[in-house]
Amino acid sequence: MNIIARQIRRSFALRLSLMIVAIATVVFIVAIGELFHRSRTATREAAIAQATQVLNNVTQHMTALLSEVEVATHNTEWQVLENLQPDTLLQLSRNIVELNPLLDGCSIAMERNFFKDQGKYFSAYSYRSDENHIETEQEGNESYFYFGMDWYSIPMIRGRACWIDPFADSNDITGNNRGLIVSYCKPLELPDGERIGVISTDLSLRKLSQELSKERLYPESYFLLCDSRGKIIASSKGEITEEEVDNNHNIVLDNSLPHTDWKVIIVCPKSDIFRGYYQLIYIVITIVIFGLLLLWTFCYFVVRSNVARLQMLAAKTEDMANGRFDTPIPQTRRKDDIGQLQNSFSQMQASLADYVANLERMKMESEQRNEELGVAKGIAEASDKRKSAFIQDMSHQIRTPLNIISGFAQILRENHRMMSEEESLELSRDMQRNGYIISTIIDNWSMTSALDKVKELPREDLVTANMLCHEAVSNVLFQQRDDVMLNIETAERDIRLKTDKKSVLKILSELLHNADKFTTEGAITIGCQQLNSRFMAFYVADTGCGIAPENHERVFEPFMKVDEFCEGLGLGLPLCRRLAELLKGEIVLDARYNAGARFVLKLPI
């Protein structure tokens, strides 16, 4: 080992080739690991899909099997109700077993003392013996008290047909013992609703297991049938425990059987599913190891041939370091990195001249950058001035309503006893409106900042257009003017649209607030109408001072105010247009409307 380590330290070519192989090994491991992970996932998903299909087929087969038993039972029921004689019931129980090879037995059990000449008990019972002969007998006595058994008591209590979980069919009197069976039991009812007994058809678990064995997906896969308590009642594999099923080595899927509380389960061992996958792993690992050995051999010889030229350049460089600058370094026609390095030494003088020229160029670039910095400084100073003007405007917009609120609060505090109720109410409304102005200014400012980097708003609210109009009106605190009417024009057909309710209400509320601010007489109207199958239009119109045509687009620019002395920061309409764009819609000022101002909001339905 020491000899190998010493050789690696001394040979740069060997170290470099080993490093390349190590990196390639890591890349191979990561790539192949990801490939096998995806392959395993795909194999598992395909196996689950295939197992689900086979499970559905088996479930349909078992459903058809149980349905056949149910149909046979229902077909016999009406014959029983038409022929309520002991001998006839014995014959009917025998007939249903003879005509239906699936059945292992049938019992027609009557209520206590139904046939008084037969005593307290009467149950006509037919079953297949071990020799496949059909035996018919009358059951019921103190030892075989069938009234308390599940197959009789449960359907009588429920009053409907049902499948009974497995039980041991054993009658000590007749000597009949046919192992575990399941029964389909249906109460016998007279036309007046009186329950007079139960007809029960039996199916052995042995036959159910045989039916489950007809399908097999993998060599070691198997099917199970479980009762309502999760207990295994039939298996295509024979004896099996729940611990064998519930472990990490199997993929287990289940389906419910209709009209029962039972489940059909398919168990697929992972060793069967991934057998081909594991074989592929061994083959690929062998190929990768062999490929890495070939790669290392190739890299070693390629690196070794190139390092020889580097060793020559190192010797020449050492001569130059010792003062022997006349040592010639030949030019080479190689175009790779080593050839370029060799030619660079012969071009050193030319490089020095280029270096001086580069210094001059850098000086000119520095002067140009200084000029650019001066321009940037001017822009920054102008930006500072705009920021100061904005802060002053915002301070004024907030301080003015605050002063009004403060003044009115002082008047109310000092003179509230001398003021009439109407005057007090008027002051309260003015205070509330100025508070609403402050809230609107701060809300617009914060929303404008928050939406800078937002590309799209989620449209997940299902709302009606008429409801949005009414709710927007309720959100705005209007000035109390006797000469201004508020109209709501709703659509005849209330259209539902999927959008962001909060953003739409913000747009409509802002438009209503602006209309109220600039309308001193006339009317403010909000309404909606469907443009086509894809778009809905909302509009807010007023009879105020209107907006000049040259300002129709400028009003949507941030901080733009047509009247510098009016309240607000000039953010309301730009915010409305931004919200409309994020909702895949648009907002425009209707140029055809000349009675004031009319804004139209178009939104997708």
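Please read these numbers as outputs of a predicted model, since none were measured by experiment. Numbers for residues simply follow the sequence, beginning at 1.
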task: Return the orientation label for the Tyr184 and Trp163 ring planes: parallel under 30°, perpendicular over 60°, tilted otherwise.
output: tilted

field: Check: Lys186 and Thr201 side chains under 4.5 Å, non-hydrogen atoms
entry: no

- prompt: Can you tell if the side chain of Arg216 reaches within under 4.5 Å of the side chain of Ser221, non-hydrogen atoms only?
  reply: yes

task: Keeping the roles fixed (side chain from Asp227, backbone from Lys231), state whether a donor-acceptor pair exists under 3.5 Å.
output: yes

message: Determine whether a donor-acceptor pair (N or O, by modelled atom type, separation under 3.5 Å) exists between the side chain of Asn532 and the backbone of Arg534.
response: yes

field: Donor-acceptor contact below 3.5 Å, side chain Ser236 vs main chain Phe223
entry: yes

- line: Heavy-atom nearest pair, Pro155 first then Ile164, reads CD-CD1, 4.5 Å

field: Test item: Leu575 and Lys506 side chains (from C-beta on) under 4.5 Å apart, heavy atoms
entry: yes

query: Within a strict 4.5 Å, meaning less than it, do heavy atoms of the Ile605 and Gln530 side chains meet?
result: yes

query: What pair of heavy atoms forms the shortest contact from Ala515 to Thr519, and how long is it?
result: O-OG1, 2.6 Å

- request: Using side chain to side chain donor-acceptor pair (under 3.5 Å) as the criterion, list what pairs up with Lys270, not counting sequence neighbours.
  value: none

- prompt: With no hydrogens and no angle check, is any side-chain donor or acceptor of Asn255 less than 3.5 Å from a backbone partner on Thr59?
  reply: no

query: Which residues pass the side chain to side chain donor-acceptor pair (under 3.5 Å) test with Arg577, sequence neighbours left out?
result: Glu553

message: If you compare all heavy atoms of Ile273 against all heavy atoms of Cys268, which two are closest, and at what distance to 0.1 Å?
response: CD1-CB, 3.8 Å

- request: Taking the side chain as every heavy atom from C-beta outward, state whether Leu511 and His513 have any atom pair closer than 4.5 Å.
  value: no

- prompt: Okay, side chain of Asp494, backbone of Asn466: is any donor-acceptor separation there less than 3.5 Å?
  reply: yes

- prompt: Does some side-chain heavy atom of Leu188 sit less than 4.5 Å from a side-chain heavy atom of Leu81?
  reply: yes

query: Sub-3.5 Å donor-acceptor pair from the side chain of His552 to the main-chain atoms of Ile547, do we have one?
result: yes

message: Regarding Glu489 and Tyr539, do their side chains bring together a donor and an acceptor under 3.5 Å, going by distance alone?
response: yes

- request: Keeping to residues at least two apart or across chains, list the salt bridge (charged side-chain N to carboxylate O under 4.0 Å, His left out) pairs with something in residues 367-376.
  value: none

query: Just wondering, do Leu66 and Leu203 contact through their side chains at under 4.5 Å, heavy atoms?
result: yes

query: So Asp500 and Lys502, salt bridge (charged side-chain N to carboxylate O under 4.0 Å, His left out) or not? Walk me through it.
result: CA-CA 6 Å; Asp500 181 32; Lys502 180 180 177 182; over 6 Å; no

task: Could you pull out all residues at least two apart from Asp272 that satisfy salt bridge (charged side-chain N to carboxylate O under 4.0 Å, His left out)?
output: Arg275

query: For the side chain of Arg195 and the backbone of Met156, is there at least one donor-acceptor N/O pair under 3.5 Å apart?
result: yes

message: Just checking Glu220: does its CD atom have more than 12 heavy atoms from other residues, nucleotides or ligands closer to it than 6.0 angstrom?
response: no

- prompt: Considering the options Ile507, Asn514, Ile526, which one meets the side-chain contact (heavy atoms from CB on, under 4.5 Å) requirement together with Val540?
  reply: Ile526

field: Arg459 to Lys498 - nearest heavy-atom pair and separation
entry: O-CG, 3.4 Å

query: Sequence neighbours excluded, which residues qualify as side chain to side chain contact (heavy atoms under 4.5 Å, CB included) partners of Ala523?
result: Met485, Asn487

message: Could you check whether any side-chain heavy atom of Glu586 comes within less than 4.5 Å of a side-chain heavy atom of Phe535, counting everything from C-beta outward?
response: no

- request: Could you pull out all residues at least two apart from Cys226 that satisfy side chain to side chain contact (heavy atoms under 4.5 Å, CB included)?
  value: Ile232, Ile265

query: Does CD belonging to Glu557 count more than 12 external heavy atoms closer than 6.0 Å?
result: yes

query: Should we count CZ of Arg44 as having more than 12 external heavy atoms under 6.0 Å?
result: no

- line: Between Leu497 and Thr464 the two heavy atoms that sit nearest each other are CD2-C, 4.3 Å

- prompt: Under 3.5 Å, is there a donor-acceptor pair between the side chain of Asn56 and the main chain of Thr52?
  reply: yes

query: So, does Tyr593 use its side chain to make a donor-acceptor pair with the main chain of Asp542 at under 3.5 Å?
result: yes

